[in-house]
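Comments concern the structure below.
All ligand and atom numbering here is 1-based and tracks the order in the structure.
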Amino acid sequence: MMKVDLIFPRGFCFGVERALSMLDDALAQGQPVYVLHEIVHNTVLVNAFREKGALFVESLDDVPDGACLVFSAHGVPKSVKERAQQKKCRCIDTTCPFVERIHKWVSKLEKESCPIVLIGKRGHAETQGTLGQLDFPQRAFVVENEAEVDSLPPADKIGVAVQTTFNADKAEQIQQKLARKYPTVLFQKGICVATAERQQAVKDACPTHATILVVGDRKSSNARRLVEVAEQAGRKAFLIETPADLTGLDITEPVGLTAASSASEDVVMAVFRNLTK
Ligand code: F3S
């Protein structure tokens, strides 16, 4: 039997549980519920909500005026909220409070005319939502790695924000490089507690495990960051959406098994049973 250890903490974070319960409450009222983008990056859960009647859409054009509309945990640009108000939608905003804190931070920086550097993944829903809090998002700079700091323009002062699910070590390296480049760097902690704890737990498991398996959706940023953290520690690491993904993998024992913040524990248990049967 393969030796598999469950890594703790793993799986659903506060923000995901909150978003799922808010969507459940909206559906319980028996009205059509439109959800702009996936509520969280978990295809199985999204399909389960679809069966319960949730209508997932990618654009407000697909939402009728006056409808009940749910915004995902990743947050949305302020222009989306404004348009939803014009359409007189009844909005339920599940944006995680940790993401909202970053929204407030970048808005404050813009009001103070401070150039903004956002450490995050370009094109990710959270990054787009954060930039979308600004009146002039095109003036902010998104940085994904240390090398990109070199191409930033000079300034006396910058303000830095970080995507909640970014790789904590990489963010730290980028921040240090920014601190060397700019005389004054205003910084607010961006990586959320859940992300930091899950990444640290994987780091702690790496010395004693040959392979790290991360249960999560391929679209999930925090799932891919957990794989990255294990690979940085020199471990084999694989992202698993369902137990079927285990087929053909070159897994070496002992295995550390974890899960992204949007991954369900029943999939973790199914993977565990599959490995240890
Ligand atoms: Fe919120 Fe962090 Fe989870 S930002 S949704 S607590 S991963």
Side-chain angles (χ1 to χ4, degrees), residues 7-26 35-46 49 54 56 70-77 80-81 91-107 118-133 142 144 160-172 175 187-203 214-230 239 241 258-265 267-268:
I7 297 173
F8 184 83
R10 64 174 179 280
F12 281 179
C13 60
F14 147 81
V16 165
E17 285 190 339
R18 176 177 171 275
L20 299 181
S21 119
M22 286 170 83
L23 178 51
D24 260 331
D25 290 349
V35 187
L36 187 62
H37 311 308
E38 295 192 335
I39 183 82
V40 295
H41 284 148
N42 180 326
T43 308
V44 177
L45 268 180
V46 166
F49 275 118
F56 289 92
V70 176
F71 299 130
S72 83
H74 294 112
V76 291
V80 170
K81 287 187 185 172
C91 297
I92 298 173
D93 187 357
T94 77
T95 305
C96 178
F98 290 110
V99 176
E100 273 178 346
R101 193 177 59 174
I102 296 168
H103 288 181
K104 287 190 184 125
W105 171 239
V106 293
S107 301
L118 173 59
I119 299 174
K121 197 85 187 141
R122 264 182 213 95
H124 186 275
E126 183 186 322
T127 306
Q128 288 175 325
T130 299
L131 293 175
Q133 306 311 306
V142 178
E144 289 190 0
V160 180
V162 187
Q163 184 183 344
T164 55
T165 52
F166 206 76
N167 180 315
D169 289 342
K170 279 193 172 177
E172 178 63 31
Q175 282 157 31
F187 172 72
Q188 188 197 51
K189 192 171 168 288
I191 290 167
C192 73
V193 181
T195 296
E197 284 179 349
R198 281 154 186 71
Q199 289 182 7
Q200 187 58 48
V202 166
K203 269 171 132 181
V214 179
V215 174
D217 198 284
R218 284 188 177 78
K219 293 188 286 294
S220 162
S221 171
N222 77 83
R224 281 183 280 115
R225 297 296 81 77
L226 291 174
V227 170
E228 197 175 80
V229 165
L239 185 59
E241 282 192 346
T258 186
S261 299
S262 48
S264 317
E265 185 67 5
V267 181
V268 177

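Between Glu144 and Lys170, none of the side-chain N atoms (NZ, or NE/NH1/NH2) sits under 4.0 Å from a carboxylate O, so this pair counts as no salt bridge.
Atom numbering of ligand 1 starts at 1 in the shown order; those under 4.0 Å from a heavy atom of Thr164 are 4 (S). Each of the following atoms of ligand 1 lies closer than 4.0 Å to a heavy atom of Cys192: 2 (Fe), 4 (S), 6 (S), 7 (S). Ligand-side atoms of ligand 1 in range of Ser261: 7 (S), range being under 4.0 angstrom from any heavy atom.
Test His103, His41, His37 against His74 for ring pair (Phe, Tyr, Trp, His ring centres under 6.0 Å) and you get one pass: His41.
In this structure, the side chain of Gln133 engages the main chain of Val76 through a donor-acceptor pair within 3.5 Å.
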Worksheet item: Can you check salt bridge (Lys or Arg N to Asp or Glu O under 4.0 Å) on Lys121 and Glu126, steps first, answer last?
Response: CA-CA 9 Å; Lys121 197 85 187 141; Glu126 183 186 322; over 6 Å; no
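Remark: minimum distance from atom 3 (Fe) of ligand 1 to any protein heavy atom is reached at Cys13 SG, 2.2 Å.
The residue Ala73 has no part lying near ligand 1, judged by heavy-atom distances below 4.0 Å.
When every heavy atom of Ser220 is checked against every heavy atom of Ala260, the shortest pair comes out as OG-CB, 4.0 Å.
Distance check for Cys96 against atom 1 (Fe) of ligand 1: an N/O/S atom falls below 2.8 Å.
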